[in-house]
There are 2 protein chains.
Amino acid sequence: MKLSSKARYAVMAMADLATHDSGRPVTLQDIADRQELSLSYLEQLFGRLRRGGLVNSVRGPGGGYLLARSSGETRISDIVLAVDEPLRATRCMPGSPQGCRTDKKRCLTHDLWAELGNQIYLFLSSVTLDDVVARRVLGSSGLISAPPPAESAGSVEDRSDLALRH
Amino acid sequence: MKLSSKARYAVMAMADLATHDSGRPVTLQDIADRQELSLSYLEQLFGRLRRGGLVNSVRGPGGGYLLARSSGETRISDIVLAVDEPLRATRCMPGSPQGCRTDKKRCLTHDLWAELGNQIYLFLSSVTLDDVVARRVLGSSGLISAPPPAESAGSVEDRSDLALRH
DNA sequence: AGATACCCGAGTAATCCGGTCAACTTTACG
DNA sequence: CGTAAAGTTGACCGGATTACTCGGGTATCT
């Protein structure tokens, strides 16, 4: 799962679509204005979202896009997977055990990245579009149960100064 | 937290260092040979790791690098943070609420990415180098508690075909 | 002295990524 | 039917970032 800003923009746009869901199609132009994204870029994004079955399009005047499923049934992970195609593996990456050389056995860190990918996917699939627009995200989702093994310095509590890929 | 391949290489190298921890310094050349990484690149990586207090260096003949703390006390998150400096915020990113425009209120997806960053950090700080070399990663760590809200198609169970940043 | 190995900063080649553009198709409406 | 609104496609671009190299230091051991 690649977490580029493209994916983030797609989630923003989908959240916007969900909030303005009134049964009538929503124009990309409207979303572009509200979210301050370029129309051309949104077209590119929604092309993928439509092919991924997340939205339906209505052509012609009065057309636009509609959520294919309800916002409560649309998971964030679906959105991310729809816009960011998996990726080519560099060295050791989940999905490409052949990249794990250093003889035949899987490289030591393979399981680590695989499990991390799993964690991220589990988190993103536990959150729906509806959760996002209702601001029901923080703390609502499950938390890692295992505590840090040894505290070396400073406190862990909140590390919101994190990010994933520029 | 940026998860570049630089960070992955650093974790690989640290895992290698941990496995060959015999009290005597390990040369970068040895690690380079075993992990098939270039010496120059490793030098760059270990410069940061040393400045981050994760390893100690010994110069001169017979020199090399040593783990500053035991492998059980070295968290993966420490390694990643040492090697990948935080980042500059693009639009909405944790740590930069000012990027969340669309008037004054934080953008809808802000909390989502913040919480995701937190989840990743929590996971990576729950795993030590020792866990990695002992292959004690899979399933050992905590799992997200909240289940996916609605299953649309296919099963979720294992999504190891994920990755983070090329 | 000389060999070994860390140290460091500048440099580079490639890739990626956000974003644009132009042309085409489909549909509504008068 | 004609025109305009909207989606659809795909090629393209330029800047930023990454991954990685090179060349020259500096400490330290024998």
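What you see is a predicted model, and the numbers here were worked out from it, not measured in a lab. All chains are named by letter (A, B, ...) in the order of the sequence lines, taking the proteins before the strands, and each is independently numbered beginning at 1.
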Check whether any side-chain N or O of A/Arg51 sits under 4.0 Å from OP1 or OP2 of D/dT9, and answer yes or no.
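True: A/Arg51 side-chain N/O within range (under 4.0 Å) of D/dT9 OP1/OP2.
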Quick one: is D/dA6 close enough that its OP1 or OP2 comes under 4.0 Å of any side-chain N or O from A/Ser57?
no
For B/Gln29 and B/Gln44, take the nucleotide of DNA chain C holding the closest heavy atom to each; which residue's nucleotide lies nearer the 5' end?
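Nearest-nucleotide comparison on DNA chain C picks B/Gln29.
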Nearest atoms (heavy-atom pairs only) where [X] meets [Y]:
| X | Y | value |
| --- | --- | --- |
| B/Ala68 | B/Gly53 | CB-O, 3.3 Å |
| B/Asp111 | A/Arg135 | OD2-NH1, 4.3 Å |
| B/Leu3 | B/Val80 | CD2-CG1, 4.2 Å |
| A/Leu54 | A/Ala82 | CD1-CB, 3.7 Å |
| B/Met12 | A/Thr109 | CG-OG1, 3.5 Å |

Count I, L, V, M, F, W, Y as connected when their side-chain heavy atoms are under 4.5 Å apart, and connections chain through other members. Are A/Val132 and A/Leu67 then in the same cluster?
yes
In this structure, would B/Val58 and B/Ile31 fall into the same cluster of hydrophobic residues linked by side-chain contacts under 4.5 Å?
no
What nucleic acid atoms does [X] come within less than 4.0 Å of, heavy atoms only: base, sugar-phosphate, or nothing?
| X | result |
| --- | --- |
| A/Ser40 | base |
| A/Gly47 | nothing |
| B/Tyr65 | sugar-phosphate |

Whole Å only: how far is the [atom1] atom of [X] from the [atom2] atom of [N]?
| X | N | atom1 | atom2 | value |
| --- | --- | --- | --- | --- |
| B/Lys6 | C/dT15 | NZ | C1' | 15 Å |
| A/Asp33 | D/dA6 | CG | P | 12 Å |
| A/Leu42 | C/dT20 | CG | P | 10 Å |
| A/Leu39 | C/dT20 | CG | P | 9 Å |
| B/Leu28 | D/dC20 | CG | C1' | 15 Å |
| B/Arg8 | D/dT18 | CZ | P | 13 Å |
| A/Glu43 | C/dT25 | CD | C1' | 13 Å |
| A/Arg59 | C/dC24 | CZ | P | 14 Å |

Closest nucleotide among C/dA5, C/dC7, C/dG18 to the A/Ser5 side chain
C/dG18
Side chain of A/Pro61 only, please: which of C/dC6, C/dT4, C/dA28 is the nearest?
C/dA28
If you find the nucleotide of DNA chain D closest to A/Arg50 and the one closest to B/Tyr41, which residue's nucleotide is nearer the 5' end?
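Final value for this comparison: A/Arg50.
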Quantified as the angle between the terminal helix axes (five pairs each), what is the overall bend of the helix from C/dA1-D/dT30 to C/dG30-D/dC1 to 10 degrees?
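Computed from the C1' atoms at both ends, the axes differ by 10°.
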